[in-house]
2 protein chains.
Amino acid sequence: MSIPRSCPPTDVVAADFTEQAGLFKALGDPHRLTILATLARSESDVCVCDFTAGLPLNQPTVSHHLKILRDANLVAARRRGTWVYYTLAADVRRRMGAALGSVLPKKVLV
Amino acid sequence: MSIPRSCPPTDVVAADFTEQAGLFKALGDPHRLTILATLARSESDVCVCDFTAGLPLNQPTVSHHLKILRDANLVAARRRGTWVYYTLAADVRRRMGAALGSVLPKKVLV
DNA sequence: GTGTAATATCGACGTATGTCGATACCACGT
DNA sequence: ACGTGGTATCGACATACGTCGATATTACAC
C-alpha cells in the first residue's frame, strides 16, 4: 500500500497580492536599493547629481531608476533651482512591514 | 543670485545590495506571494497539487514558481510517495527583516 | 513490465526590464 | 536672447521573466 495524499487538501489563499508584488518588484534591483539606502542614511535630501556621480550608471539610467521609485511612492522629488533633490517617503518602512505582514501572518513571528 | 547646490555632496552608500535585491525579486510576483501566504497559513506542509488546483496557472508554470522560491531558499520540498509537499523556510521572516534593515537603518524606525 | 498519475524539465513565445545614446526640457548666468 | 549645465524623456537594444505545450522523470497499482 502506498502513502495516501494529505487530507483534506489545503485551500490556496484567495487574496490578491498584486500590490505587494509591485512594491517588492520596485525593490528588486541592487542600484535602487543603493539609492534607498543612501536616502535613508542622509541627514538632508539628496541631489540627483550625487547619484549620477556615485553610481556606476549613466545619467538616463539613474533617472529611470528614480522614476520607478517615484512611481512606487517610495521617494519624493523636489526641485530647488537647477537641481532636483530626493527624499525617502516617510511611510516606506510601515508600507513594507504591512506588505510583509499580509503575506506572512503573525503566527510566523514566533 | 541662484540657489547653490547643497554642500557638501552626499556619498552614495558603498554596500552591495545584490543579495537583498535577489530576495525581493523572488517576492516580486503575485502568484509567488500567494504560494508563500498559503504556506504560512497552513498547519502542515502543502501538496503541489493544491497549488496547481488553486492557482490560475498551468502545472509547468506552478512548478517554475516553486523552483524560483526553492532557489531563493524561501521554501523546502519533500517527497512523500507520488506527491511533493512544500513548507515555508523557518527563517523567512528573519531574512526579510534583515534585508529590510540593511537598506533602511534603525534610524528610520522612529 | 505496463499503465497511470504527479511533478519536473525543456523549448518556445511574447512581454517586461535594465541599460545606453540622443534629445528635450528647465533654470540659471551673462 | 543666448549659452550652459542638470535632469527627464525617447528610442533602441540585449537580456530576463512569466507563461505554456510537449516531454522526461518518478512512484505507485496491476
Side-chain angles (χ1 to χ4, degrees), chain A residues 1-7 9-10 12 16-18 21-36 45-72 75-87, chain B residues 1-7 9-10 12 16-18 21-36 45-72 75-87:
Chain A
M1 195 170 65
S2 76
I3 305 164
R5 183 212 183 291
S6 80
C7 198
T10 304
V12 170
D16 178 41
F17 290 101
T18 305
L23 213 189
F24 289 127
K25 202 176 285 192
L27 300 171
D29 179 275
H31 295 129
R32 288 198 289 273
L33 292 184
T34 303
I35 291 173
L36 292 178
D45 45 13
V46 178
C47 179
V48 173
C49 60
D50 289 332
F51 292 124
T52 58
L55 290 172
L57 300 171
N58 282 25
Q59 180 267 323
T61 306
V62 172
S63 195
H64 170 69
H65 286 305
L66 289 172
K67 174 169 175 48
I68 289 178
L69 294 173
R70 259 178 4 236
D71 290 347
V75 302
R78 188 189 160 200
R79 172 158 233 137
R80 283 206 298 276
T82 303
W83 291 277
V84 177
Y85 296 83
Y86 278 76
T87 54
Chain B
M1 194 171 67
S2 77
I3 305 164
R5 183 214 183 290
S6 80
C7 199
T10 303
V12 170
D16 178 42
F17 291 101
T18 304
L23 212 188
F24 289 127
K25 201 176 284 192
L27 300 171
D29 179 275
H31 295 129
R32 288 199 289 273
L33 292 183
T34 304
I35 292 174
L36 292 177
D45 45 14
V46 178
C47 179
V48 172
C49 61
D50 289 332
F51 291 124
T52 58
L55 290 172
L57 300 171
N58 282 25
Q59 180 267 323
T61 305
V62 171
S63 196
H64 169 70
H65 285 305
L66 288 172
K67 175 169 174 50
I68 289 177
L69 294 174
R70 264 185 352 245
D71 290 346
V75 302
R78 186 187 162 201
R79 173 157 233 138
R80 282 204 301 276
T82 305
W83 292 276
V84 177
Y85 297 83
Y86 278 77
T87 55

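In the text below, chain A, chain B and the rest are named by the order of the sequence lines, each starting its count at 1.
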Student: Can you measure A:Phe51 atom CZ to D:dG6 atom C1' for me and round it to whole angstrom units?
Tutor: 15 Å
Student: Are B:Phe51 and B:His31 packed together at the side-chain level, in the sense that at least one heavy-atom pair is separated by less than 4.5 angstrom?
Tutor: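 No, side chains not in contact.
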Student: Output the rounded distance in Å from CG (A:Asp29) to P (D:dA16).
Tutor: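 Answer to the nearest Å: 14 Å.
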Student: When rounded to the nearest 0.5 angstrom, what is the spacing between CG in B:Leu27 and CG in B:Leu69?
Tutor: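 Here the interatomic distance stands at 8.0 Å.
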Student: Write down the protein N/O and nucleotide N/O pairs, taken from nucleotides 8-11 of chain C, whose separation is under 3.5 Å; answer none if there are no such pairs.
Tutor:
residue : atom : partner : partner atom : Å
C:dA8   : OP1  : B:Tyr86 : OH           : 2.9
C:dA8   : OP2  : B:Ser63 : OG           : 3.1
C:dA8   : N7   : B:Gln59 : NE2          : 2.6
C:dA8   : N6   : B:Gln59 : OE1          : 3.1

Student: Could you walk me through whether A:His64 and A:Lys67 pass the side chain to side chain contact (heavy atoms under 4.5 Å, CB included) check?
Tutor: CA-CA 5 Å; A:His64 170 69; A:Lys67 174 169 175 48; 5.6 Å; no
Student: For the side chain of B:Asn58 and the backbone of B:Pro60, is there at least one donor-acceptor N/O pair under 3.5 Å apart?
Tutor: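 Here the side-chain-to-backbone pair does not exist.
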Student: In the structure I gave you, are the side-chain heavy atoms of B:Pro30 and B:Leu33 within less than 4.5 Å of one another anywhere?
Tutor: no
Student: Any side-chain heavy-atom pair from A:Val46 and A:Ile35 closer than 4.5 angstrom?
Tutor: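 Heavy-atom side-chain distance check fails, nothing below 4.5 Å.
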Student: Round to a whole Å and report the spacing from CG of A:Leu33 to C1' of C:dG18.
Tutor: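 Taking atom C1' of C:dG18 as the reference, CG of A:Leu33 is at 14 Å.
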Student: Would you mind telling me which residue lines up with the more 5' stretch of DNA chain C, B:Cys49 or A:Arg32, judged by nearest nucleotide?
Tutor: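 Looking at the nearest nucleotide for each, B:Cys49 comes out on the 5' side.
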Student: Heavy atoms only, 4.0 Å cut-off, all strands: where does B:Leu55 land among base, sugar-phosphate and nothing?
Tutor: nothing
Student: Mind calculating the distance between CG (B:Asn58) and P (C:dA6) to the nearest angstrom?
Tutor: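 In whole Å, C:dA6 P and B:Asn58 CG are 15 Å from each other.
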Student: Once you round it to whole Å, what is the distance between P of D:dA27 and CZ of B:Arg78?
Tutor: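 After rounding, the gap between these two atoms is 14 Å.
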Student: So, is B:His31 near the phosphate of D:dT19, with a side-chain N or O under 4.0 Å from OP1 or OP2?
Tutor: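 Answer yes for this pair, as a side-chain N or O of B:His31 is under 4.0 Å from OP1 or OP2.
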Student: Whole angstroms only, please: what is the NE2-C1' distance between A:His65 and C:dG18?
Tutor: 6 Å
Student: Could you tell me how far apart A:Arg80 (CZ) and D:dT7 (P) are, to the nearest whole angstrom?
Tutor: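 One finds 12 Å between P of D:dT7 and CZ of A:Arg80, rounded.
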Student: Tell me: CG of B:Leu27 to P of D:dG18, nearest whole Å?
Tutor: 12 Å
Student: Check salt bridge (charged side-chain N to carboxylate O under 4.0 Å, His left out) between A:Asp45 and all other residues, then give those that pass, not counting sequence neighbours.
Tutor: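 Result, salt bridge (charged side-chain N to carboxylate O under 4.0 Å, His left out) vs A:Asp45: A:Arg80.
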